[in-house]
Amino acid sequence: MKNIYDIIKRPVITEQSMENIADKKYVFMVDINSNKTEIKAAIEEAFEVKVAKINTVRMQGKVKRTGAYPAGRRPAYKKAIVTLTADSKTIELFEGMV
């Protein structure tokens, strides 16, 4: 079994993700091979909250140019939008950012 910190990479801090905190929706970058069940268990264990729903999105890496020739590609990644239950507490990691 994977460690919870192998599944949860980092939080995604954008304007759009910060607006959803009022609705108890949090966005995390997760391991690309993890599924919703593993993500739910990792979030509940790491932050001691109750998860109601998880949506996942696989993002393709953008093509980036470095001068004239060698076009490279940023790595692909997976995002998880985590919705908490109404009676669950909030995640303290995001509290000072809003």
Side-chain angles (χ1 to χ4, degrees):
M1 186 173 150
K2 298 178 187 175
N3 187 359
I4 61 172
Y5 301 109
D6 292 335
I7 295 172
I8 303 170
K9 299 290 184 186
R10 64 180 181 87
V12 176
I13 309 297
T14 60
E15 288 182 26
Q16 186 175 6
S17 69
M18 290 294 113
E19 289 176 3
N20 291 333
I21 289 179
D23 300 329
K24 290 195 173 184
K25 290 185 179 181
Y26 300 94
V27 183
F28 292 95
M29 189 176 291
V30 295
D31 182 36
I32 202 161
N33 296 320
S34 60
N35 58 25
K36 290 182 181 183
T37 312
E38 293 173 341
I39 295 169
K40 180 179 178 178
I43 294 289
E44 287 180 344
E45 185 180 341
F47 300 108
E48 297 174 356
V49 294
K50 294 180 186 174
V51 175
K53 183 177 167 183
I54 300 225
N55 295 332
T56 57
V57 181
R58 285 188 65 150
M59 305 295 291
Q60 292 298 320
K62 292 181 180 181
V63 175
K64 291 292 181 180
R65 288 184 48 193
T66 57
Y69 254 108
R73 180 175 282 275
R74 289 186 179 169
Y77 59 95
K78 188 177 204 177
K79 289 194 304 189
I81 298 100
V82 178
T83 306
L84 302 181
T85 59
D87 61 339
S88 177
K89 66 176 187 169
T90 60
I91 297 177
E92 294 85 17
L93 180 68
F94 291 92
E95 283 187 10
M97 298 181 193
V98 188

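None of these values were measured; they are calculated from a predicted model. Note: hydrogens, waters and symmetry copies are ignored here, and every other heavy atom, side chains too, is used.
Distance check, rounded to the nearest 0.5 Å: CE of M59 to CZ of R74 gives 11.5 Å. Note: I39 CD1 to N55 CG = 10.5 Å, rounded to the nearest 0.5 Å. Distance CD1/I91 to NZ/K89: 9.5 Å, rounded to 0.5 Å. In this structure, CG in D31 is found 11.5 Å from CG in N3, a value given to the nearest 0.5 Å. With rounding to the nearest 0.5 Å, the separation of CD in E45 from CD1 in I7 is 9.0 Å. With rounding to the nearest 0.5 Å, the separation of CE in M29 from CD1 in I13 is 10.5 Å.
I8 and V51 fall within a single hydrophobic cluster, where Ile, Leu, Val, Met, Phe, Trp and Tyr side chains are chained together by heavy-atom contacts under 4.5 Å. When the side chains of ILVMFWY residues are joined at heavy-atom separations under 4.5 Å, either directly or via intervening members, I81 and M18 end up in two distinct hydrophobic clusters.
For S17 (side chain) and V12 (main-chain N/O), a donor-acceptor pair under 3.5 Å exists by modelled atom type.
Considering all non-hydrogen atoms of both residues, S88 and K50 come closest at OG-N, 3.1 Å. Across K24 and T90, no two heavy atoms sit closer than the pair CE-CG2, 4.3 Å.
In this structure, R73 places its CZ atom where more than 12 heavy-atom neighbours from other residues, nucleotides or ligands lie under 6.0 Å away. Counted within 6.0 Å of CD on E92, heavy atoms from surrounding residues, nucleotides or ligands total more than 12; the atom is thus considered enclosed. Open room surrounds NZ on K25; 12 or fewer heavy atoms of other groups in view lie less than 6.0 Å from it.
Here the side chains of Y77 and I32 are not in contact, with every heavy-atom distance at 4.5 Å or above. In this structure, the side chains of V30 and T56 stay at 4.5 Å or more apart for every pair of heavy atoms. Counting heavy atoms from C-beta on, the side chains of I54 and T83 never come closer than 4.5 Å.
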